[in-house]
Each structure stands twice: as C-alpha cells, then as structure tokens.
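Whatever order the structure lists ligands and atoms in, that order sets their numbers, starting from 1.
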Amino acid sequence: MNKQVIYYPEDAVLRAVKQFETPFFLYDEARLRENCRNFKKAFSRHFPNFWPLYAVKANSNPEILKIIAEEGFDFDASSPSEVWITRKLGKTEDFAMSSIGMFTGNYNPASELKYAKDAGYLLNLDDISMIPMLQEIGVSEFISLRINPGVGKATIESNVFAGPNAKYGIPFEQAAQAYAMVRDMGVKRFGIHMMTGSNVPIGEKNYFGDIIKKLLEVVADIKEKTGVEIELLNMGGGFGVPYRPEEDSLNMEEIALSVRKAFDEQCEKYGLKEPHLMAEPGRWITADMGFLVSRVDVIKDGYKKFVGIDASSNDMPRPSIYGAYHHVSVIQARESSGGKPETVSIAGKICENNDQLAQDRELLHCEVGDIIVIHNCGAHAYSMGHNYNGRLRHAEYLLRIDGSFAKIRRAETFEDLYATILS
Ligand SMILES: Cc1ncc(COP(=O)(O)O)c(C=O)c1O
C-alpha cells in the first residue's frame, strides 16, 4: 500500500468541510514545497546549473504559481494566457538566464509567439514551418526547437507525445535542417527540447536516461551537420506519479542519476560541450498536493450502486476523458453509520455516462452527507475543468503550513457563466 497515494490531510479536511461549502479543491502547501525541493535537489546534485521550470498547464492558480516560483522554478507556458498570468505574479528580476521561462506551444500563429517573446519567454518552436515566423516577429538571439525523438511513453495512450502518431515536435531526422535555418536567420544561441509523454509509467526506470541518450545523439548530429552547439537541453516533464495504492512512487534520485550517466556517456562519445539541463514537470510537482473534497447527495441502488456527489467530471475531467484512476477516501458523517465496505461507483451530475469519477470501487459504506475525498487532484484537474451542462466550477483553498486556510479561488456563479454574452 503506497502511503503517498492513500494519504490525505484528514484533520484539515474535517475542519474545512465544517467551514466551506462543498465541493472544493484543497491544496497542501507543505506537500507542494516538499515536491519542489525534492525535484530540484535530485537534479541539482548532478547538474549544478540545472534550470527547473514548472508546467503551468498542470495547475495555474496564481497562488500556487507564486509558491513554486518562491521555490526557485521558472515557467513552461503553453498559451498566451499562461504567459499573461505568470507575468502578473510580480517576480521579474530574478529569473534564471534572464528569461521567465520557455514558451512551448504547438500550431501557434506568429501573434502568439510574439506575445510570449515580448513577455520575456524563450521561444521553443514546435515545427520547421514556424521558423519563418521569426522574420515577422523579430529574430531572437536565443531559440529552442522541440524535437520529436521518434519514441514516447505514457500510462494513457493519448498522453504519448512523441513518435509517429504525435502531433508535436520536429521529426529528429529534420533537426539539422531546422537548426541550419535558424542559424542562417541570425540566431546565435540554441536550445533543444523534447516532451515525449505525460505520466510515463513509474516502472520504466531507464526511460528518461534512454530518451536523453537519443536526444544527445540528435545534438551530436546537429553539431556535425551544421556546426550549431546546443547550449540548453530541456528534457520536458512527464514524470509519473502513483495514482493507485499498489503503485510505487518514482525515485527521482535514480532518474537524475540515469540522466547524469546518459550525459557523461554521450558527451564523451560525441565530444559535446555539455548543455545546461532543464526540465518542466507539472504533475510531479502538484498532483499529490491536491484533493477534490465533495459530499454525497444521492445514493442510487439500481443495477449497480451509485454514490452521487456534489462534484462532477467538469471539476476534474481526467476519469471521463481518459478513464484515469483516482484513489477515493470516504469520511463517514456519522460514526454510527458503520456498514460493510461495498462496491460502488462515484457519479457526478453531468448528462454523460462517463461522468463517473470512480467505477466499481470497494469503499466504506456511504450515506447521504458523507464526505468523499478524491486524491491526486492538484495537477491536470481544475485546469482541465469545463462548464458542460451549465455546471459551475468550484472553489480552491490552500492549506497553509501553519494550518490555516486561504481561499485562493471562489466558486463560479451563474453570472460568471454568462459573463461573455453580449446582449
Ligand atoms: C510541453 C509540455 N511540458 C510539460 C508538460 C507537463 O507534463 P507532466 O504534468 O506530465 O509533467 C506537458 C503536459 O502536457 C507538456 O505538454
């Protein structure tokens, strides 16, 4: 039983449900800071100039971003609004490499690239066809290119971001041609990036080392064919977290060591000057600090037993989009409610049958009014939320290190939902 998966801050949840209307997201600041520190420590040990970014798409609440920035991370932004929110945080003077981070979009028009560039982001272009856009927006001194190294891995098929079916990155066979193009346009400093999959299975212990080896082969090929030396290597995010109690946690120290070995081996083999290492985790930093806390509204005992809660898949769409598994804990409202554990599915209120946040789970007996805590909801959860069926998205609270709560986002109202209507 992995304690990291089954843990939730029970006392805080109990205090919170007495004060706040459910459902809500509860984020644990202590866990968030610990994740940031452990990630940085693992890599900085082997790479003194390691440059960590945080993938804003995983959880873009500005209070969360501020904490991550305080822990020494810059940002990986994927859209103009992510650029905008990071610029509003007020941290400007101490960004590493005099940049706020890297902008990695895909299929962007020149206007989006210009927006990110003007905000101080280092541009990471997703395709050769985007290179001519640099003429339009002004050629930067420093450019990174996203390479598809030909292979990718993820726990869920649609989270595989490299290989022949992926829509991302410059095929590695075209890499030298792409760097020659940017060099000929006047670019003087070069980065290389890959992001080959999200939530790479934890058991794939050699994956990151192997994929870095492959990317360094590409770096060597670029140097040989064009003379371009790569100064920054961004290995992307994708570090897996355990969602099921029987899964192990990722050993980040081991991953960092395997990346170190890959660098040593390839830089020596190809006579490369070592590029600075960057990474841009999202999930590993924020997933397990977040919980979706909800209350049982309805119990339906039909062909199956369904426990209807006041949150729905619009709050946390991962199970409905990919059939993702999230661990669930039950807090019985009345000590006397007892009852044997039973197999139930947890249902939301959306008119789609995939609005089941957990299916066929053996859970403590539930009654109306009990609290359901859904784990691992700090990453790709609220940020993937939507308003289908006119369902509102709910509040976010931060459990501070001193045990107090900060409301960091209010729940939406009907007026919010219709705020963009013109008549
Ligand atoms: C370009 C890029 N970088 C980083 C991430 C973060 O991935 P993860 O949350 O799996 O670490 C993503 C996720 O989609 C991504 O697309």
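At the top of the distance list for atom 10 (O) of ligand 1, counting protein heavy atoms only, stands Ser198 OG, 2.5 Å. In this structure, the protein non-hydrogen atom closest to atom 8 (P) of ligand 1 is Gly238 N, 3.5 Å. Of all protein heavy atoms, the one lying nearest to atom 15 (C) of ligand 1 is Lys57 NZ, 3.1 Å.
Judged purely by distance below 3.5 Å, without hydrogens or angles, the side chains of Thr196 and Tyr207 pair a donor atom with an acceptor atom. For the residue pair Ser198 / Arg283, a side-chain donor-acceptor distance below 3.5 Å is found, with atom types taken as modelled.
Shown in contact with Gly237 at under 4.0 Å from a heavy atom are these atoms of ligand 1, numbered in order with element: 11 (O). Of all the atoms in ligand 1, the ones that sit under 4.0 Å from a non-hydrogen atom of Asp76 are 2 (C), 3 (N), 4 (C). Interface atoms of ligand 1 facing Ala55, defined by a heavy-atom separation under 4.0 Å, are 4 (C), 5 (C), 6 (C). Counting the atoms of ligand 1 from 1 in the order shown, those under 4.0 Å from a heavy atom of Pro281 are 11 (O). Taking every heavy atom of His380 and a limit of under 4.0 angstrom, the matching atoms of ligand 1 come to 8 (P), 9 (O). Listed by number with element, the atoms of ligand 1 under 4.0 angstrom from any heavy atom of Asn199 are 10 (O).
Across every non-hydrogen atom of Met195 and Gly237, the tightest pair is SD-N, 3.1 Å. Residue Phe103 comes nearest to Tyr121 through the heavy atom pair N-CD2, 3.7 Å, listed as atom of the first residue, atom of the second, then distance.
For ligand 1, the polar-atom distance check finds an N/O of Arg283 within less than 3.5 Å of one of the ligand's N/O atoms. Close N/O approach between Gly282 and ligand 1 is found [any backbone or side-chain N/O within under 3.5 Å].
Contacts classified as salt bridge (Lys or Arg N to Asp or Glu O under 4.0 Å) and involving residues 308-327 (residues at least two apart or in different chains) are not found.
The closest non-hydrogen atom to atom 7 (O) of ligand 1, taken over Glu280, Met235, Met195, Arg146, comes from Met195.
Take Gln4 and apply the side-chain hydrogen bond (donor to acceptor under 3.5 Å, both in side chains) test, not counting sequence neighbours, and it matches Ser249, Asp288.
In this structure, Arg260 satisfies the cation-pi test against Phe47, with its NZ or CZ atom closer than 6.0 Å to the six-membered ring centre and inside 45 degrees of the ring normal.
Heavy atoms of Tyr168 come nearer than 4.0 angstrom to ligand 1 in no pair at all.
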